[in-house]
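Quick caveat: nothing in here was measured; it's all calculated off a predicted structure.
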Amino acid sequence: VDAAALTMAIETAYRYLAWLDVKAGQTLLVNGGGAVIGFAAVQMGLLRGAKLLAVAGESQAERLRALGATVVPYGEGLVERVRALGGPAPDLIFDAAPVNMAPAIAQPGGVLPDLVAIADGDPRRVMTCGDYEGASRTGVRTGLGEAPTGPGGELLRYDVLDKFGTLAAEGRFSIPIARSFALEDWRGALEISLSGRAHGKLMLIP
């Protein structure tokens, strides 16, 4: 189950951080740091030597802090909370929040305008893997039109699964699993997923 949870999160997070070209010494803000792809991105950014700010709810906040990330709560006032941390604005921002976020977390008009403001008004420093509608309004990058980053010109980065699978086996990388379901109970899993309150990966077990 733990291994099956890795694949999509690793591939997606790695590809987007490669497009952002996250480097050691930079500050990376991950919006949706408690979500599956965001949680993977936080760990990958730390492995690259970046300083991590994770916008997340309380369900994963302690785990993110234990990894070494600074956690910033979701919601109205996000720009002010990030600026109150002091120091320069984040160099890069990755929006990994699910598009079906719970209403209590989601912001009217989406969070991308706030993320652009946090990036000193530069939308090219912000990339989203889900909010394409918001990106069309704000100029934020989505991955569409970006050059492949794989060693042989591949777009999808399944070539890194062995590396992160090894780290997971060593206890140095993980994906939060909220709950496992028998395959015939898939409707219950879907209901939780659509609620935006899964707090981790939902696994179906044949």
Side-chain angles (χ1 to χ4, degrees), residues 1-19 30-47 54-67 69 71 73-75 94-108 110-112 127-135 142-144 150 154-206:
V1 172
D2 289 338
L6 296 173
T7 309
M8 180 275 291
I10 288 173
E11 191 286 317
T12 305
Y14 191 92
R15 177 161 37 94
Y16 276 83
L17 294 198
W19 279 329
V30 177
N31 182 55
V36 173
I37 294 171
F39 198 85
V42 167
Q43 295 170 90
M44 290 177 181
L46 291 166
L47 287 167
V55 180
E58 284 303 310
S59 64
Q60 300 295 346
E62 286 307 312
R63 290 187 67 180
L64 290 163
R65 292 187 185 102
L67 291 171
V71 177
Y74 282 115
F94 176 38
D95 172 40
V99 292
N100 63 335
M101 292 171 66
I105 295 174
Q107 294 179 217
V111 73
L112 294 187
M127 181 169 270
T128 182
C129 67
D131 189 359
Y132 297 105
E133 182 180 346
T142 63
L144 297 176
E154 300 93 348
L155 175 64
L156 301 181
R157 297 305 308 271
Y158 292 113
D159 58 296
V160 301
L161 292 183
D162 58 344
K163 171 184 176 181
F164 288 97
T166 298
L167 290 171
E170 295 171 351
R172 299 166 56 199
F173 187 90
S174 65
I175 296 299
I177 296 174
R179 187 174 166 189
S180 295
F181 296 79
L183 184 59
E184 57 267 26
D185 297 330
W186 64 267
R187 288 180 179 84
L190 179 61
E191 185 176 338
I192 293 172
S193 179
L194 293 176
S195 76
R197 298 181 181 276
H199 305 307
K201 197 79 167 173
L202 302 171
M203 307 301 292
L204 299 178
I205 312 298

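A 4.5 Å side-chain heavy-atom check between Met44 and Ile10 finds at least one atom pair inside the cut-off. Between Ile37 and Met8 there is a side-chain heavy-atom pair separated by less than 4.5 Å. Using a 4.5 Å heavy-atom threshold, the side chains of Val111 and Tyr74 count as separate.
When all heavy atoms are compared, the tightest approach of Gly200 to Val36 is C-CG2, 3.8 Å. For the pair Leu17 and Ala41, the tightest heavy-atom approach, listed with the atom from each and the gap, is CD1-O, 3.6 Å. Between Met203 and Lys201, the shortest heavy-atom contact is SD-CG, 3.3 Å. Shortest non-hydrogen contact noted between Leu202 and Ala178 is CD2-CB, 3.9 Å. Closest approach of Ala40 to Ile175, counting heavy atoms only: CB-CD1, 3.8 Å. Taking both residues in full, the closest heavy atoms of Ser195 and Ile192 are given as OG-O, 2.6 Å, listed atom of the first, atom of the second, then distance.
For Phe94, the ring-ring contact (aromatic ring centres under 6.0 Å, His included) test picks out Tyr16, with sequence neighbours left out. The side-chain hydrogen bond (donor to acceptor under 3.5 Å, both in side chains) test applied to Glu62 returns Arg65, not counting sequence neighbours. Residues forming a side-chain hydrogen bond (donor to acceptor under 3.5 Å, both in side chains) with Ser174 (at least two apart in sequence, or on another chain): Arg63. Under the side-chain hydrogen bond (donor to acceptor under 3.5 Å, both in side chains) criterion, Glu11 pairs with Arg15, not counting sequence neighbours. For Arg172, the side-chain hydrogen bond (donor to acceptor under 3.5 Å, both in side chains) test picks out Glu170, with sequence neighbours left out.
Heavy-atom contacts from other residues, nucleotides or ligands closer than 6.0 Å to CD of Glu191 number 12 or fewer.
In this structure, Phe173 CZ and Leu67 CG are separated by 10.0 Å, a value rounded to the nearest 0.5 Å. Within the model, atoms CG of Leu64 and CD of Gln43 stand 8.5 Å from one another, a figure rounded to the nearest 0.5 Å. With rounding to the nearest 0.5 angstrom, the CH2 atom of Trp186 is 9.5 Å from the CG atom of Leu204. Separating the CD atom in Glu133 from the OG1 atom in Thr128 is a distance of 11.5 Å, to the nearest 0.5 Å.
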Report, one line per pair, each donor and acceptor closer than 3.5 Å where one atom sits in a side chain of residues 156-166; sequence neighbours left out.
unit_1, atom_1, unit_2, atom_2, d
Arg157, NE, Asp159, OD1, 2.8
Arg157, NH1, Thr149, O, 3.0
Arg157, NH1, Thr149, OG1, 3.0
Arg157, NH2, Asp159, OD2, 2.8
Thr166, OG1, Asp162, O, 2.9

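With hydrogens and angles disregarded, no donor-acceptor distance shorter than 3.5 Å links the side chain of Ser193 to the backbone of Leu190.
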